Amino acid sequence: MKRLVFCYVMTLLTLSVSAQEYKTVSDISFTVKTDAYAQERLKLDVYYPETVKDCPVVVWFHGGGLEAGQKEIPLKLREKGYVVIGANYRLLPNVTVDKTLDDAAEAVAWAFHHAHEYGGDPRKIVVTGHSAGGYLAMMLCLNKALLKSYDVDADSIWLYAPFSGQAITHYNVRKMQGISPLQPTIDEYAPLYWVRPDCPPFVLICGDRELELFGRYDENQYLARMMKLAGHQQTYLYEIDGHGHVGMVEPSFHILETHIKMLLGEKVNP
């Protein structure tokens, strides 16, 4: 009987989430920067459930090699009971990577200050994104100075979950330095440079090591190893077999959702 009651309650909860009405507010300016390019580019969209309160907030950074791409609300993040924020950032080579990283930090700071207006809980912010967006998530996690400049502690983020982020210096940053994409370097623009033991849960997701872009899985594997050697106990590494750099995105959302459910204390289906 108890099991039947539990199943009934879980069914009601599931129906409640799926029956939610969702709204999207588009092109919100999130910056205090005043230059024309920042005013044009630094906008975000917010997708949120109308009646849910204190729900997780997912900040999603788009891919595009730091040189292209537009803010988006991924379909796989819709109707999950989350507030989802899709944010733009200024692109290389129009600006240096320092400014791009600062834009990403400013977007996350905006989420901290405004999530509650859309029913989100600022204590449950997830920072994620694919490829270049994953790289930004990695840097925000590991280099605490980026968010500190906006009076946000990087360790107050609930979860970082980069999809196929670059762990060494990003290849388009190296291009601006006159370095080939196949010449690996690790400098202050590499997540590996900032390895530390005391950050929030760090979920690294990559495609098949033989299919990924520029050895992306191998970089993430090394980052995961160094994080664990440094003493970080909540670094997780996933390889999605048979999927390349683009194909790995869709199945990665299941892993992200699983980790969100774990943090919420919900039952997790493998």
Side-chain angles (χ1 to χ4, degrees), residues 22-48 50 56-75 77-78 82-122 125-154 156-157 160 162-163 165-166 169-177 188-189 191:
Y22 289 81
K23 286 188 174 181
T24 302
V25 181
S26 301
D27 292 327
I28 301 170
S29 175
F30 65 82
T31 188
V32 298
K33 303 177 180 85
T34 57
D35 65 277
Y37 186 40
Q39 286 290 306
E40 172 197 347
R41 181 72 186 171
L42 299 187
K43 297 178 181 179
L44 55 78
D45 298 340
V46 182
Y47 170 90
Y48 65 100
E50 287 193 88
V57 180
V58 180
V59 180
W60 175 264
F61 291 113
H62 66 82
L66 299 176
E67 292 185 323
Q70 289 289 338
K71 57 184 168 60
E72 59 180 342
I73 306 294
L75 289 175
L77 291 175
R78 296 171 183 258
Y82 309 150
V83 174
V84 185
I85 297 172
N88 271 340
Y89 46 87
R90 286 175 291 178
L91 301 171
L92 310 183
N94 301 303
V95 295
T96 64
V97 70
D98 301 272
K99 292 184 177 181
T100 302
L101 290 165
D102 185 73
D103 295 343
E106 191 175 17
V108 172
W110 187 95
F112 263 94
H113 297 307
H114 296 277
H116 65 280
E117 298 170 17
Y118 302 92
D121 186 342
I125 291 180
V126 178
V127 178
T128 182
H130 174 241
S131 195
Y135 165 77
L136 295 175
M138 287 176 168
M139 289 294 290
L140 292 175
C141 174
L142 297 172
N143 182 359
K144 295 189 69 174
L146 296 172
L147 282 167
K148 187 177 180 181
S149 65
Y150 289 96
D151 297 320
V152 173
D153 184 354
S156 63
I157 298 293
Y160 293 90
F163 294 14
Q166 185 137 40
T169 304
H170 193 279
Y171 72 93
N172 273 328
V173 176
R174 282 178 278 138
K175 182 170 76 172
M176 291 179 69
Q177 298 170 340
E188 63 183 305
Y189 301 116

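Quick note: residue numbers are just sequence positions, from 1. Side chains included, hydrogens not; waters and symmetry mates left out as well; all remaining heavy atoms used. The structure displayed is predicted, hence computed values, not measured ones.
Enclosure of atom NZ in Lys33 by more than 12 non-hydrogen atoms of other residues, nucleotides or ligands within 6.0 angstrom is indicated.
Side-chain rings of Tyr22 and Tyr48 stay apart, their centers remaining 6.0 Å or farther from each other. Taking the ring centroids of Phe30 and His114, they lie at or beyond the 6.0 Å cut-off.
In terms of heavy atoms, Ala105 sits closest to Leu146 at CB-O, 3.4 Å. Taking each heavy atom of Leu140 and Tyr160 in turn, the nearest pair found is O-OH, 3.7 Å. Across every non-hydrogen atom of Cys141 and Ala154, the tightest pair is O-CB, 4.1 Å.
In this structure, Asp45 contributes its side chain and Gly86 its backbone to no donor-acceptor pair below 3.5 Å. Of the possible donor and acceptor atoms, none in the side chain of Asn88 sits under 3.5 Å from a partner among the backbone N and O of Gln70. Side-chain atoms of Glu106 come within 3.5 Å of backbone atoms of Val32 as a donor-acceptor pair (strictly under, hydrogens ignored).
Rounding to the nearest 0.5 Å places OH of Tyr135 at 8.0 Å from OH of Tyr189. Rounded to the nearest 0.5 Å, atoms CG (Leu92) and OG1 (Thr100) are 4.5 Å apart.
With salt bridges taken as basic N to acidic carboxylate O contacts below 4.0 Å, none links Lys148 and Asp153. A salt bridge does not link Asp35 to Arg41: none of the charged side-chain nitrogens sits closer than 4.0 Å to a carboxylate oxygen. Using a cutoff of 4.0 Å between basic side-chain nitrogens and carboxylate oxygens, Arg90 and Asp103 are scored as salt-bridged.
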Under the criterion side-chain contact (heavy atoms from CB on, under 4.5 Å), I'd like the reasoning laid out for Val46 against Trp110: C-alpha separation, chi angles, the key distance, then a yes or no.
CA-CA 11 Å; Val46 182; Trp110 187 95; 3.8 Å; yes

